[in-house]
Structures are given as structure tokens and as C-alpha cells.
Amino acid sequence: MAEQLFAELVKKEQLKPDLFKFSVKAPSIVKNARPGNFIEIRITDQTEPFLRRPISIYNLDRENGILEFIFQVKGKGTDILAKREVGKKIDIIGPIGYGTFKYEDYQKIAIIGGGIGVFPLYELAKCAKADNKKVSTYLGFRSKDFVVLEKEFEQVSDTLVVTTDDGSYAKKGFAINYLKEDIEAEKVDAIYACGPLPMLKKLAIEKDIPCQISLEEKMACGLGVCLGCAVKTAKSPADAPEYWHVCKAGPVFNAKDVEI
């Protein structure tokens, strides 16, 4: 059940010139959140920017009631948020999202993401590892300058593959190619990703492997009122509506159930 909370910013880290990690005190949200949930943040009390910003949950520190999220400065709203000082309060609604990652029925978990799409996958990897699942993580970035959270994912993964498109760091190429090799070697029971990733969906369907994808869409409300985050459903399931809304039905979907 989502709730509104004025959470204290207790720690602020700048990971890259345009990338920030915030840690906020939000015990009630942390208690109810699951891997794949997200939050909606009110940037300012002023009229501009008016709409909340949807941001994925990166990490849940359940012992201390700390929620962590990472965001990239892309415009006026996130620029204002990046300037928030430690000790100040942040207006948050969360946890949001009915569709979350489900990994309990599988033993060999493959987690794949690229760029800023890796953030929602950390809590999943952490939880799956703690539940004694075999976690293989594949992270892809454009170049060495964009690599982030490598050490963090290494700690919650049995194996970690990091790739860069230009070969400036770690393995050269695309993360999906290394995932494909492990699928061929029967090292994967299920795939989890942050998308949209049409090539990944095609691969999962061809190999008949369950695949769950977290979709990121622009959301004005995050509560299913504005209807702005619609995603078209695939032909299966037959009784599904023509469109689902990511904030309510998602953000995590079975890849075969949505057109991406």
C-alpha cells in the first residue's frame, strides 16, 4: 500500500558528474517495498515543476529503515532535487507498483541491464542472493566513463559480467551476447531485466525461458489516474486489455505479455 511520507535525506553521494545516490529515512515504505517497486517524488513546493518524478528503488536497508535511490540529472526537476541538502525532507509516495520481480520458483537467476537501467536490479540481486539463488549478473555500458555500481553488484552476484560497447573497460561488446552463451550452456532458469529490450524478449521466447522486464515510462501521477504510462499488451494473454498502465499493472511484466 503506497503512502505519502516526508522522508529525511540522511546521506547524499555523487557517483558521476550527473548521477546522485540519495539515502532517506523511510521505515514504513522500506517495510512494504519489494524488488521492482518505485517511488514518486515531489521536487518542490513551488508550482514549477508541478508533476512528481518516478524513480526506481535501488536499495532497501530494512534493518535501519533506509531507502536508497539513484537518479540522473536530466532537466530542471532533477537538477533541483540534486541540490537538496542532507537533513532536509523529501516528499515521497511509495512503494508504488503492483508488478514486482518474482524469483522464488527459480534457482539460476540471470539479471541483465545497461546504463542507468541497472539501478532497479540491485535490490533484486541482493534479495535473490540472500535466498540462496545462483545469481548471474550482466551489466552493459557505453564506455568506461559510464560504468557504475560494479563493486556493489559483485557483492550480490555469484558471477558478474561487465561489458562496454567500445571495449574501453572489461569485456567488449553487448551484455546480451554473454547472457546468450550462458543460456546455451544451460546456466539460466529465468531472466530479469530493465527495458524495453526487444532483443532480450526475442531471445527468451526462442529459448522458452521465463523473462520479467521492468518498464520505465513517463508518469505524471504514478497512481493510474493520468493514464499517461500506457503500454500495449501482446496477443497473450487473450483476455488482457489492449493496454496496461505501467504504474499500476507494472512496472514489472512478463516479457511475452507486452509489446516492447
* Beyond-backbone contact of P251 with V246, side-chain heavy atoms, under 4.5 angstrom -> yes

* To do: State the NZ-CG distance between K25 and L9, to the nearest 0.5 angstrom.
  => 13.0 Å

* For the pair R52 and D91, find out whether any cationic side-chain nitrogen is under 4.0 Å from an anionic carboxylate oxygen. => yes

* **L121 with L19, same ILVMFWY side-chain cluster at under 4.5 Å** => yes

* Asked: Do F119 and Y58 have their ring centres less than 6.0 Å from each other?
  -> no

* Which atom pair, heavy atoms only, marks the closest approach of D189 to I209? -> O-CG2, 3.6 Å

* Does the pair Q212 and N254 meet the rule for a side chain to side chain contact (heavy atoms under 4.5 Å, CB included), with working shown? -> CA-CA 5 Å; Q212 297 175 25; N254 289 323; 3.7 Å; yes

* For K88, look at atom NZ and say whether over 12 heavy atoms of other residues, nucleotides or ligands are found less than 6.0 Å away. => no

* For the pair K74 and D18, find out whether any cationic side-chain nitrogen is under 4.0 Å from an anionic carboxylate oxygen. => no

* To do: Output, in order, the C-alpha distance, side-chain angles, deciding distance and verdict of side chain to side chain contact (heavy atoms under 4.5 Å, CB included) for F20 and T78.
  => CA-CA 10 Å; F20 289 84; T78 46; over 6 Å; no

* To do: Give a yes or no on whether L149 and F38 share a hydrophobic cluster (residues Ile, Leu, Val, Met, Phe, Trp, Tyr; joining criterion: side-chain heavy atoms under 4.5 Å apart).
  => no

* Spell out, as yes or no, whether a donor-acceptor pair under 3.5 Å connects the side chain of T233 to the backbone of E242. => yes

* Residues, nucleotides or ligands: over 12 heavy atoms within 6.0 Å of Q46 CD -> no

* How far apart are the closest heavy atoms of S28 and E3, and which atoms are they? -> OG-OE2, 2.7 Å

* Considering residues, nucleotides and ligands other than K21, do more than 12 of their heavy atoms fall under 6.0 Å from its NZ? -> yes

* Asked: Can E123 and K126 be counted as an ion pair, charged N to O under 4.0 angstrom?
  -> yes

* Asked: If you round to the nearest 0.5 Å, how far is CG of N177 from OH of Y138?
  -> 12.0 Å

* **Interatomic distance, N37 atom CG to Y98 atom OH [nearest 0.5 angstrom]** => 12.0 Å

* Asked: Are Y106 and I191 grouped together when hydrophobic residues (ILVMFWY) are joined by side-chain heavy atoms under 4.5 angstrom apart?
  -> no

* Do I41 and V24 share a hydrophobic cluster, counting only Ile, Leu, Val, Met, Phe, Trp and Tyr and linking them when any side-chain heavy atoms are less than 4.5 Å apart? -> yes

* Asked: Is there side-chain contact between I70 and V148, with at least one heavy-atom pair below 4.5 Å?
  -> no

* Structure fact -> dist L60:CG -> N32:CG (nearest 0.5 Å) comes out at 10.5 Å

* Between D166 and S168, does any side-chain donor sit less than 3.5 Å from a side-chain acceptor? -> yes

* Asked: Shortest non-hydrogen contact from R84 to K89?
  -> NH1-O, 2.9 Å

* To do: Give a yes or no on this: more than 12 heavy atoms of other residues, nucleotides or ligands lie within 6.0 Å of atom NZ of K171.
  => no

* Asked: How many angstroms lie between CG in L197 and CE in M199, if you round to the nearest 0.5 Å?
  -> 9.5 Å

* Asked: Around R62, counting heavy atoms of other residues, nucleotides and ligands shown, do more than 12 lie under 6.0 Å from its CZ?
  -> yes

* Go through E150 and F141 one step at a time and tell me if the side chain to side chain contact (heavy atoms under 4.5 Å, CB included) criterion holds. => CA-CA 11 Å; E150 180 182 6; F141 303 93; over 6 Å; no

* Please say whether more than 12 non-hydrogen atoms of neighbouring residues, nucleotides or ligands are located less than 6.0 Å from CD in E104. => yes

* Asked: Measuring from K16:NZ to Q72:CD, what's the distance to the nearest 0.5 Å?
  -> 11.5 Å

* State, with a plain yes or no, whether a side-chain heavy atom of P35 is found less than 4.5 Å away from one of T100. => no

* Result of checking L124, I112, I213 against Y192 for side-chain contact (heavy atoms from CB on, under 4.5 Å) -> L124

* Do I96 and P54 come within less than 4.5 Å of each other through their side chains, counting heavy atoms only? -> no

* Asked: Should the ring pair F71 and F22 be called parallel, tilted or perpendicular, given that the plane angle runs from 0 to 90° and is split at 30 and 60?
  -> perpendicular

* To do: For atom CD of Q14, decide whether the heavy atoms of other residues, nucleotides or ligands shown that lie under 6.0 angstrom number more than 12.
  => yes

* Structure fact -> Scanning both residues in full, the closest heavy-atom pair of F69 with S56 reads CB-O, 3.5 Å

* Might you confirm whether atom NZ of K134 has over 12 heavy atoms from other residues, nucleotides or ligands at distances under 6.0 Å? => no

* Between the main-chain N or O of S136 and the side-chain N or O of D158, is there a donor-acceptor pair closer than 3.5 Å? -> no

* Structure fact -> K201 and K256 have their tightest heavy-atom pair at CE-CA, 4.0 Å

* Asked: Under a 4.5 Å side-chain heavy-atom rule over Ile, Leu, Val, Met, Phe, Trp and Tyr, are I93 and V30 clustered together?
  -> no

* Starting from the C-alpha separation in whole Å, work towards a yes-or-no answer on side chain to side chain contact (heavy atoms under 4.5 Å, CB included) for Y103 and C127. => CA-CA 9 Å; Y103 61 85; C127 289; 3.5 Å; yes

* To do: Write down the atom of K187, the atom of K108, and the distance for their closest heavy-atom approach.
  => O-CB, 3.4 Å

* Name the one of L160, I111, V161, T163 that satisfies side-chain contact (heavy atoms from CB on, under 4.5 Å) with L139? -> L160

* To do: Give the ring-plane orientation class for W244 versus F253, where under 30° counts as parallel, over 60° as perpendicular and anything between as tilted.
  => parallel

